[in-house]
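Just so it is clear: chains get the letters A, B, ... in the order the sequence lines come, proteins before strands, and each one is counted from 1.
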Amino acid sequence: MSVLIFVEIDNGTIKKTSLEAIAYGAKIAEKTGGNATVLALGAADATELEKAGFYGANRVLHASDAKLAHENSLAYADVLAQAAAKEDSKIIILAKSGLGDAVAARAAAKLKAGIVSGVTELPEINGAFTVTRSIYTGKAFATAEIKSDVKILVIKKNAIEVDESQLSTSTAIVEAFAAALRDSDFTATVGQVEKASSELSLTEADIIVSGGRGMKGPEHWQPLLDLASALGAATGCSKPVSDLDWRPHHEHIGQTGIKVAPNIYIACGISGAIQHLAGVNGSKCIVVINKDPEAPFFKAADYGIVGDVFEILPKLTQAAKNLK
Amino acid sequence: MKILVCITNVPDTTAKISFTDNDTKLNKNGIQYIIGPYDDYALARGVELKEQFGGAVTVLHVGGAEADPQIRKALAIGADDAIRVNCDPLDSYFVASQIAHIARENSYDLILMGRESIDFNSGVVHGLVGEMLGIPSYSPVMKLDIEGSTATIAREIDGGKETLSAPLPLVLGCQEPISEWKIPNMRGIMTARTKPLLVVEPVSVDDMTVPEKYSLPAPKGACKMIPASEAETLIKLLQTEAKVL
Ligand SMILES: Cc1cc2nc3c(=O)[nH]c(=O)nc-3n(C[C@H](O)[C@H](O)[C@H](O)COP(=O)(O)OP(=O)(O)OC[C@H]3O[C@@H](n4cnc5c(N)ncnc54)[C@H](O)[C@@H]3O)c2cc1C
């Protein structure tokens with residue numbers, strides 16, 4: 001029996017959230033006495049895939065069929081189910097993302113597996129298999145027992161602490177996995193793909209600098225972008241900002257946008273409406289810059305600065321540059 | 001075109017969450033329920049497509065009678081009829097199994113729902129339903145147009161957007177800006193009262209997961225205020241005090 005971990009590959013590298021999933025799966029394998037096996041789909045070098053070993057995986061199954069190069073949740077789920085059957089895996093781990101949820105869901109239906117998405121910590125395994133996940137957009141947690149034979153866990157960022165200085169030194173063995181692909185998973189014709197490949201993705205970012213209506217307009221975004229680049233941060237925004245087209249839709253954070261869990265979230269000119277907070281309450285440290293001392297966001301913040309964003313942002317950028 | 005729109009009945013986005021009965025039940029006191037905001041987008045687009053191409057929109061809810069006001073609202077917005085699978089659903093797998101059962105009996109061209117419910121935030125029901133029916137599922141869909149028997153979709157991918165076209169039938173998880181939320185008008189509210197709402201019993205499904213208890217996050221410590229004149233000290237504090245930089 002092995003714990004099977006589905007990883008996402010972006011531009012030939014394993015995504016950071018997927019590395020966390022590997023560490024998470026390896027911890028469970030340690031507990032249950034099995035192997036941690038990774039399934040990687042699409043184009044990636046063996047030297048990259050071997051790195052799964054540093055996070056605790058023993059083997060990597062690599063399905064490199066060219067048809068799998070483009071993200072396709074239908075085919076990916078099919079290959080995942082095939083790998084789970086072949087490896088006799090009873091526990092399957094994925095990192096939470098649009099793709100992760102879609103693959104997990106379809107695989108769950110194929111394998112008749114109980115599925116829990118949004119898991120925030122390691123499971124408790126003692127006879128029963130119990131997991132805790134985030135619900136009500138971070139306002140609460142739910143603990144449930146998974147009863148099914150095959151179990152699928154979709155984990156949130158930071159569900160496990162990975163200490164990059166304490167990684168294993170052994171690489172994983174990479175094996176080719178010959179998947180049987182079905183035509184019915186390839187009925188869609190993919191048209192245009194717009195992807196800002198240079199940008200850090202919000203769900204993976206350790207630092208996010210985010211702007212609200214207090215930024216006054218798209219032409220005033222530069223000070224925020226400067227701070228983000230000085231910190232190596234991704235950029236986000238509130239809903240009205242993306243509704244007004246000041247920033248692209250995929251930067252919209254909150255209840256109806258992306259849910260993020262960075263180490264540092266810096267909110268610039270965002271009032272802190274409950275729907276916005278719902279998307280950021282997984283952050284480790286929240287910094288709020290707002291000229292209104294009564295802004296509700298301060299109640300959810302760790303550090304607050306009352307003042308004009310346009311005066312404060314350049315100071316922070318300078319201080320961040322001085323660090324390096 | 002036959003369209004099924006699946007809606008959730010969830011606490012509104014400003015609801016304060018707490019639990020009762022030894023942390024095994026949501027405290028519903030003072031909570032206002034709404035159609036899930038993402039489902040509302042799906043419904044709005046479903047109604048527009050019906051207006052464009054003819055056909056019918058059926059709304060489906062898997063859950064108890066407390067959702068009936070929200071189902072009536074969906075009918076007032078423009079759905080033609082409704083089905084409620086009468087139960088207290090345990091998990092996504094259960095809900096998806098009910099939706100798939102109804103869909104098998106009625107064969108829809110499109111099954112629309114929100115990208116996720118805002119209570120459990122799982123975002124897996126569309127994928128489960130798609131696989132159970134053996135048809136493709138895509139999410140989160142931000143743009144949906146139909147031509148003949150082909151759907152053209154724009155959906156969000158990590159850090160960007162992708163367009164694709166695929167033959168119907170499809171299951172789609174929706175989000176804005178696929179459409180604008182619709183507010184029912186007086187005529188809609190009047191006609192909704194007499195539109196059919198069929199209540200059916202659930203099909204049986206093996207227990208996949210069993211809820212045990214709920215909990216709340218630890219309360220947040222006080223916010224440390226930094227004077228604007230010393231803003232730059234924040235960066236040091238993040239490094240040495242909060243140890244997150
Ligand atoms: C169903 C529903 C879902 C929603 N989902 C989301 C969601 O997912 N995400 C989201 O963000 N919102 C969401 N909203 C909207 C939310 O309620 C708020 O309207 C929104 O978050 C406010 O955005 P904002 O803070 O940028 O703007 P505002 O509320 O207008 O706040 C602007 C802030 O900037 C400050 N400011 C102005 N000028 C300056 C300056 N020079 N320097 C410093 N500070 C300044 C002001 O004091 C103010 O606090 C949703 C609403 C509903 C009803």
Side-chain angles (χ1 to χ4, degrees), chain A residues 71 74 97-98 101-102 104-106 108-110 114-118 130 135-137 139-148 187-196 199 201 203 250 255-256 263-264 274-275 284-285 287 298 300-307 312 315-316 318-320 323, chain B residues 13-14 17 37-38 91-93 96 118-124 126-128 130-132 136-137 139-140 142 156-167 175-176 206-217 220-221 223-226 228 231-232 234-235 237-239 242 244-245:
Chain A
E71 179 179 318
L74 313 181
S97 71
D101 276 330
R106 295 197 68 111
K110 286 173 197 280
I115 174 171
V116 177
S117 177
T130 344
I135 57 169
Y136 297 108
T137 337
K139 288 188 214 169
F141 299 96
T143 303
E145 183 187 347
I146 311 185
K147 293 255 193 199
S148 52
T187 54
T189 318
V190 178
Q192 217 177 343
V193 181
E194 299 163 30
K195 204 166 171 176
E199 257 172 68
S201 97
T203 43
H250 66 257
Q255 177 129 36
T256 49
N263 292 338
I264 310 176
I274 193 159
Q275 297 94 352
K284 276 196 194 142
C285 178
V287 177
F298 286 117
D302 298 282
Y303 294 96
I305 306 176
V306 177
I312 290 160
K315 288 191 192 178
L316 299 181
Q318 196 50 51
L323 267 189
Chain B
T13 52
T14 59
I17 300 297
Y38 295 115
D91 62 11
S92 312
Y93 202 101
I118 63 160
D119 52 2
F120 286 156
N121 310 111
S122 291
V124 297
H126 30 78
L128 283 162
E131 185 62 40
M132 286 169 180
S137 51
S139 178
M142 302 162 72
E156 197 156 76
I157 53 175
D158 204 12
K161 208 164 93 174
E162 166 185 281
T163 52
L164 53 85
S165 54
Q175 74 172 27
E176 88 279 17
D206 289 344
D207 283 357
M208 294 292 183
T209 70
V210 182
E212 285 190 342
K213 63 174 181 1
Y214 299 101
S215 56
L216 295 170
K220 190 104 191 162
C223 174
K224 182 163 184 168
M225 299 308 290
I226 301 167
E232 62 283 354
L234 168 76
I235 301 294
L237 289 172
L238 290 176
Q239 194 176 33
V244 284
L245 194 62

So what's closer than 4.5 Å to chain A heavy atoms on B:Gln239: side chain, backbone, both or neither? side chain
Quick check for you: among A:Ala105, A:Ser148, A:Ala109, which has the greatest number of heavy-atom pairs under 4.5 Å with chain B? A:Ala105
Could I get the full list of side-chain contact (heavy atoms from CB on, under 4.5 Å) partners for B:Lys224, not counting sequence neighbours? A:Tyr303, B:Leu237, B:Glu241
Toward chain A, the part of B:Ser165 with a non-hydrogen atom under 4.5 Å: both
Any heavy-atom pair between the side chains of B:Tyr214 and A:Ile135 that's under 4.5 Å? yes
Is there a side-chain contact between B:Tyr93 and B:Met132, using heavy atoms and a 4.5 Å cut-off? yes
Counting heavy-atom pairs under 4.5 angstrom with chain B, the leader among A:Ala108, A:Ala102, A:Ala104 is A:Ala108
Per-residue tally against chain A (heavy atom, under 4.5 Å) across B:Ala231, B:Cys223, B:Ser92, B:Ala166 peaks at B:Cys223
Measure B:Pro37 against the heavy atoms of chain A and call it side chain, backbone, both or neither at under 4.5 Å. side chain
Considering only heavy atoms and a distance below 4.5 Å, find which of B:Pro140, B:Ser215, B:Gly123, B:Pro211 pairs most often with chain A. B:Ser215
Do you know which of B:Thr14, B:Leu238, B:Val210, B:Leu164 has the most heavy-atom pairs with chain A at a distance under 4.5 angstrom? B:Val210
Verify whether one side chain among A:Thr143 and B:Glu212 offers a donor that lies under 3.5 Å from an acceptor in the other. no
Among A:Gly191, A:Gly307, A:Cys285, which residue forms the greatest number of heavy-atom pairs with chain B at distances under 4.5 Å? A:Gly191
Turns out that what part of A:Gln192 lies under 4.5 Å from chain B's heavy atoms comes down to both
Whatever's closer than 4.5 Å to a heavy atom in chain B on A:Thr256 counts as both
Do you know which of B:Asp91, B:Thr209, B:Asp207 has the most heavy-atom pairs with chain A at a distance under 4.5 angstrom? B:Thr209
By a 4.5 Å heavy-atom criterion (distance strictly below it), what part of B:Asp206 contacts chain A: side chain, backbone, both, or neither? neither
Quick one: list whatever passes side chain to side chain donor-acceptor pair (under 3.5 Å) with B:Glu232, sequence neighbours left out. none
What heavy-atom pair brings B:Ala96 and B:Leu128 nearest, and what distance separates the two atoms? CB-CB, 3.5 Å
I'd like to know which of A:Thr137, A:Thr189, A:Val190, A:Leu74 tops the heavy-atom pair count under 4.5 Å against chain B. A:Thr189
Against chain B, label A:Leu316 side chain, backbone, both or neither, depending on which of its atoms sit under 4.5 Å from a heavy atom there. both
Among A:Ile115, A:Val116, A:Ile264, A:Asn263, which residue has the highest count of heavy-atom pairs closer than 4.5 Å to chain B? A:Ile264
Between B:Lys220 and A:Asp302, is the closest basic N to carboxylate O distance under 4.0 Å? yes
Counting C-beta onward and ignoring hydrogens, is there a side-chain heavy-atom pair between B:Leu216 and A:Phe141 closer than 4.5 Å? no
Under a 4.5 Å cutoff for heavy-atom pairs, which residue among A:Lys110, A:Glu71, A:Gln318, A:Gln275 has the most contacts with chain B? A:Lys110
Considering all heavy atoms of both residues, which atom of A:Lys139 and which atom of B:Pro217 are nearest to each other, and what is their separation? O-CD, 3.2 Å
Can you name the closest pair of heavy atoms from A:Thr187 and B:Pro136 and give their distance? OG1-CG, 4.0 Å
Nearest heavy-atom contact between A:His250 and B:Glu156 is CA-OE2, 3.5 Å
Neighbour count >12 (heavy atoms, 6.0 Å) for atom NZ, B:Lys161: no
What part of B:Phe120 gets closer than 4.5 Å to chain A, counting heavy atoms only: side chain, backbone, both or neither? both
Which bit of A:Ile305 comes within less than 4.5 Å of chain B, counting heavy atoms only: side chain, backbone, both or neither? both
